[in-house]
Student: 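Once you've had a glance at the structure underneath, I'll fire off some questions.
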Protein chains: 2
Amino acid sequence: MEPINLKKLASLLHLSISTVSKALRDSHEISADTKRRVMELARELNYEPNPYAGSLRKYKSKTIAVVLPDIINNFFIFAIKGIQEAAYSSGYHVLIYITNENPDYEKEVVRQLTNGRVDGLVISLTSPIDDTEHIKALREKGLPIVFFDRITKDFDNTIITTNNYESAYKGTTYLIRQGCKRIAHCQVSDRISIGIDRLNGYKKALEDAGIVPDHDWILTSRKDPAYDAQLIEKALTRKDAPDGLFTSVETHALITYDICRKHGIDIPGKLKLLSFSNLPTAHLMKPSLSTITQPAYEMGRAAVSQLITALEKPARFQPETIQMDSVLMERESTAR
Amino acid sequence: MEPINLKKLASLLHLSISTVSKALRDSHEISADTKRRVMELARELNYEPNPYAGSLRKYKSKTIAVVLPDIINNFFIFAIKGIQEAAYSSGYHVLIYITNENPDYEKEVVRQLTNGRVDGLVISLTSPIDDTEHIKALREKGLPIVFFDRITKDFDNTIITTNNYESAYKGTTYLIRQGCKRIAHCQVSDRISIGIDRLNGYKKALEDAGIVPDHDWILTSRKDPAYDAQLIEKALTRKDAPDGLFTSVETHALITYDICRKHGIDIPGKLKLLSFSNLPTAHLMKPSLSTITQPAYEMGRAAVSQLITALEKPARFQPETIQMDSVLMERESTAR
DNA sequence: GTGAAAGCGCTAACAG
DNA sequence: CTGTTAGCGCTTTCAC
């Protein structure tokens, strides 16, 4: 019940607090015998240093924050797994914050991190790329930040991302090759990095194929499931409905399955469907879902690895942009 | 770059540190005018108190830990969502630890929480129910703990769980009603709470139906995907293979889909499959998966809500066992 | 209504 | 090799 601290250990051993402190950290100033006595008692009493006392002195908390827009999304889940594993194996603790796609919430969270709670931050932005004042404030405090997937280039920071433009180009081209003439694209947002890059890849692919995109083909999510469902439903049920749909997050693909069932739209007969997704069940669905899959786990690990280098070897550290490749998995939902 | 702290604010305002501190916390000792001046400057400079300094004084970190066995499991994902939301809305921060089903890792994590890092803990046990010394050590420090899903009754603590015994009984009975004669059960472990409860429900249902279970019907996971896959594959491909399989975690159901495809075993024709699962794609699979679904999100919220009551109103708090109900969703994988 | 001072547990500079 | 001391940022008596 009563806390075990250095004072307690010191008094039990008839030593001073600082001697005990040094002994525990295996200082060369301390005799082997004293070290042994101290270590033994510490183990016996299950001494664990109070992390906050150390933080206060050293301005290091051995804690990092992860701020993500969403968690019901396998991309972020695998990322969390990678982040957590990499952090813990380097002795870091992970504070997790989910913004639920709400920029105000993100701002509040980020503001709270300004005073020593964490040593660094891995963030996948919820806020639009032109609304990053809150990040700037953190940056100015000198806090290392790694941007992850939904990024901004406003700061000289490490960025972990995938080849969104190329993947979207490749995906769209693939849909064209599979015979689609009217390909719609459902984007996460027109104001976040991945939304913009993917849209551009999509547009370029159409252009290169000599297809002039209809305005109605571009569906912009409001990150509100009900609204998004309606948006997609309208698009798929109007005259001149698209014969191909390329969605940017897996939720939208799932919504599309439901809509197609409701309206008897055959996939891939009437509509070919391709989605960015890390769904472990993609190959088990009816029809199986063709995906562009990002290396989420590896990205998570890389993000933390970069962050920890920035924290522990600041001299040797250079911010860089790491771009990994997604893979296109062709399955039934896009079959000819 | 330079940190904003009370000292800084005090010197800028020509006030003492303690006055500033009190003003910020709206103490009645301070004049309205002073409060206003202090608040204004604090806001302007984006002052955020150093959380660790406060922790050190008050023995409160406004942080809780969540320790879970796995994250690639929709049950835990929805739980995290509930936990995170409930915690944050009460001003708590959430440290997340994933043990990857490794008891040693759990022990290490739990030991690290012994000295003030967190105010309380929500844990879904990885360790067997008869191996909880590490939890006991925490408990003895007076740290409030909420057990979640994979529980132990060794301590007088709050428990959030579902009606595992009844659900397994109901699920098994349902499979019998659907015509299964030889129902296998794949359990997570024979030494954790949900494994035991679910197995007992399964056994009782067989017994009540006058079915004598074959020893080979009970498959015990080792939490090693390769081993588990082999275990299930062997069971499903031997002579006298079961005609019904009831799995305790969604991963095993997914493995079963793969195995059945590989061996041309028709679901539900040759094998009816039912699983505990929170898969959002259960209804979209081929065949759609019949599930027993736990209220994961609500359980997460409830866990945190109980924990925070224990932390903030210890006098009024009584540990209790909250048992929620799972629902059986009948889909194609168990059709007659 | 405001300020001085002690102290939370720890580290680190400095004595001895 | 061991101990004394100051101080990280904050809260909390206790003086004034």
Side-chain angles (χ1 to χ4, degrees), chain A residues 1-39 41-42 45-63 112-119 141-142, chain B residues 1-39 41-42 45-63 112-119 141-142:
Chain A
M1 203 67 209
E2 183 179 315
I4 312 291
N5 50 32
L6 290 185
K7 196 180 187 179
K8 177 98 183 180
L9 291 181
S11 87
L12 287 171
L13 291 162
H14 302 291
L15 285 170
S16 78
I17 292 176
S18 61
T19 303
V20 175
S21 170
K22 286 173 195 162
L24 284 171
R25 291 176 312 105
D26 204 22
S27 161
H28 55 268
E29 294 181 57
I30 306 295
S31 75
D33 188 55
T34 304
K35 277 185 195 168
R36 199 187 36 70
R37 285 177 56 219
V38 172
M39 302 273 202
L41 185 66
L45 297 184
N46 237 307
Y47 169 75
E48 191 70 23
N50 180 315
Y52 300 143
S55 300
L56 203 53
R57 275 293 324 218
K58 297 184 295 182
Y59 280 105
K60 295 262 175 249
S61 62
K62 280 279 193 173
T63 304
Q112 289 192 6
L113 299 176
T114 43
N115 226 319
R117 188 178 290 272
V118 297
D119 297 342
K141 295 270 179 178
Chain B
M1 203 69 210
E2 183 180 317
I4 313 290
N5 49 32
L6 288 186
K7 196 180 186 177
K8 179 96 183 183
L9 291 180
S11 89
L12 287 171
L13 291 161
H14 302 290
L15 285 170
S16 76
I17 291 176
S18 57
T19 303
V20 175
S21 170
K22 287 172 194 162
L24 284 172
R25 294 180 309 107
D26 205 20
S27 160
H28 55 268
E29 296 181 55
I30 306 296
S31 75
D33 188 55
T34 304
K35 279 184 194 169
R36 199 187 33 71
R37 286 177 55 219
V38 172
M39 302 274 201
L41 186 66
L45 297 185
N46 239 308
Y47 168 75
E48 191 72 23
N50 180 314
Y52 300 142
S55 301
L56 204 52
R57 274 292 323 216
K58 295 183 299 182
Y59 281 106
K60 295 260 175 252
S61 62
K62 278 277 191 176
T63 304
Q112 287 191 8
L113 299 176
T114 44
N115 226 319
R117 187 178 289 274
V118 298
D119 297 342
K141 294 270 181 181

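Since the model is a prediction, treat every value here as computed from it, not as a measurement. Below, read A as the first sequence line, B as the second, and so on, with proteins coming before strands; counting in each chain starts at 1.
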Student: Ignoring backbone atoms, test whether A:T34 places a side-chain nitrogen or oxygen under 4.0 Å from the OP1 or OP2 oxygen of D:dT2.
Tutor: yes
Student: I'd like to know if B:K7 reaches the base of D:dG7 with its side chain such that a donor and an acceptor end up less than 3.5 angstrom apart.
Tutor: no
Student: Answer yes or no: is there a donor N or O on one side and an acceptor on the other, between the side chain of B:S55 and the main chain of B:P51, under 3.5 Å?
Tutor: yes
Student: D:dT11, OP1 or OP2 - any side-chain N/O from B:S21 closer than 4.0 Å?
Tutor: yes
Student: How long is the straight-line distance from OG1 of B:T19 back to NE2 of B:H14, given to the nearest 0.5 Å?
Tutor: 14.0 Å
Student: Can you give me the dot-bracket string for DNA chain C, 5' to 3', counting Watson-Crick and G-U wobble pairs with both distances under 3.5 Å, using [ ] for crossing pairs and | for partners on another strand?
Tutor: ||||||||||||||||
Student: Indicate yes or no for a side-chain donor-acceptor contact from A:N115 to the backbone of B:P3 under 3.5 Å, with no hydrogens or angles considered.
Tutor: no
Student: Got a second to check how far A:T63's OG1 is from B:R117's CZ, nearest 0.5 Å?
Tutor: 5.0 Å
Student: Check for a donor-acceptor pair, side chain of A:N50 on one end and backbone N or O of B:G116 on the other, with a separation under 3.5 Å.
Tutor: no
Student: In this structure, how many angstroms lie between the C1' atom of C:dA4 and the CG atom of B:L6, rounded?
Tutor: 15 Å
Student: Quick check for you: to the nearest 0.5 Å, what is the distance between B:K141 atom NZ and B:L113 atom CG?
Tutor: 12.0 Å
Student: Return the CG to CD1 distance between A:N5 and A:I17, rounded to the nearest 0.5 Å.
Tutor: 7.5 Å
Student: Where the side chain of B:K22 is defined as all heavy atoms beyond and including C-beta, which of C:dG1, C:dC10, C:dG3 is the nearest nucleotide?
Tutor: C:dG3
Student: With nearest nucleotides of DNA chain C determined for B:L15 and A:G54 from heavy-atom distances, which residue corresponds to the more 5′ nucleotide?
Tutor: B:L15
Student: Check the distance between C:dT2's P and B:D33's CG and give it to me in whole angstrom.
Tutor: 8 Å
Student: Given that B:K58 and A:E29 both sit by DNA chain C, which one's nearest nucleotide is further toward the 5' end?
Tutor: B:K58
Student: Specify the separation, in whole Å, of atom NE2 of A:H14 and atom C1' of D:dC1.
Tutor: 19 Å
Student: Could you give the CD-to-P distance, from B:E48 to D:dC10, as a whole number of Å?
Tutor: 10 Å
Student: What's the CD1-P distance between B:I17 and D:dC10, to the nearest Å?
Tutor: 8 Å
Student: Could you tell me how far apart B:I30 (CD1) and D:dT12 (P) are, to the nearest whole angstrom?
Tutor: 13 Å
Student: Separation of A:R57 atom CZ from C:dC8 atom P, in whole Å?
Tutor: 16 Å
Student: Look at the side chain of A:S18 against the base of D:dT5 and say whether a donor-acceptor pair falls under 3.5 Å; ignore hydrogens and angles.
Tutor: no
Student: OP1 or OP2 of D:dG3 less than 4.0 angstrom from a side-chain nitrogen or oxygen of A:T19, does that happen here?
Tutor: yes
Student: Going by salt bridge (charged side-chain N to carboxylate O under 4.0 Å, His left out), name the pairs with one or both residues in residues 51-62 of chain B, residues two or more places apart or in two chains.
Tutor: B:K62-B:E312
Student: So, OP1 or OP2 of C:dT11: does either fall under 4.0 Å of a side-chain N or O from A:Y52?
Tutor: no
Student: Assess whether one donor atom and one acceptor atom, taken from the side chain of B:K35 and the base of C:dG1, lie less than 3.5 Å apart.
Tutor: no
Student: Out of D:dC10, D:dT2, C:dT11, which has the shortest distance to the side chain of A:R25?
Tutor: C:dT11
Student: B:H28 has an atom NE2; how far is it from atom C1' of C:dT2, in whole Å?
Tutor: 13 Å
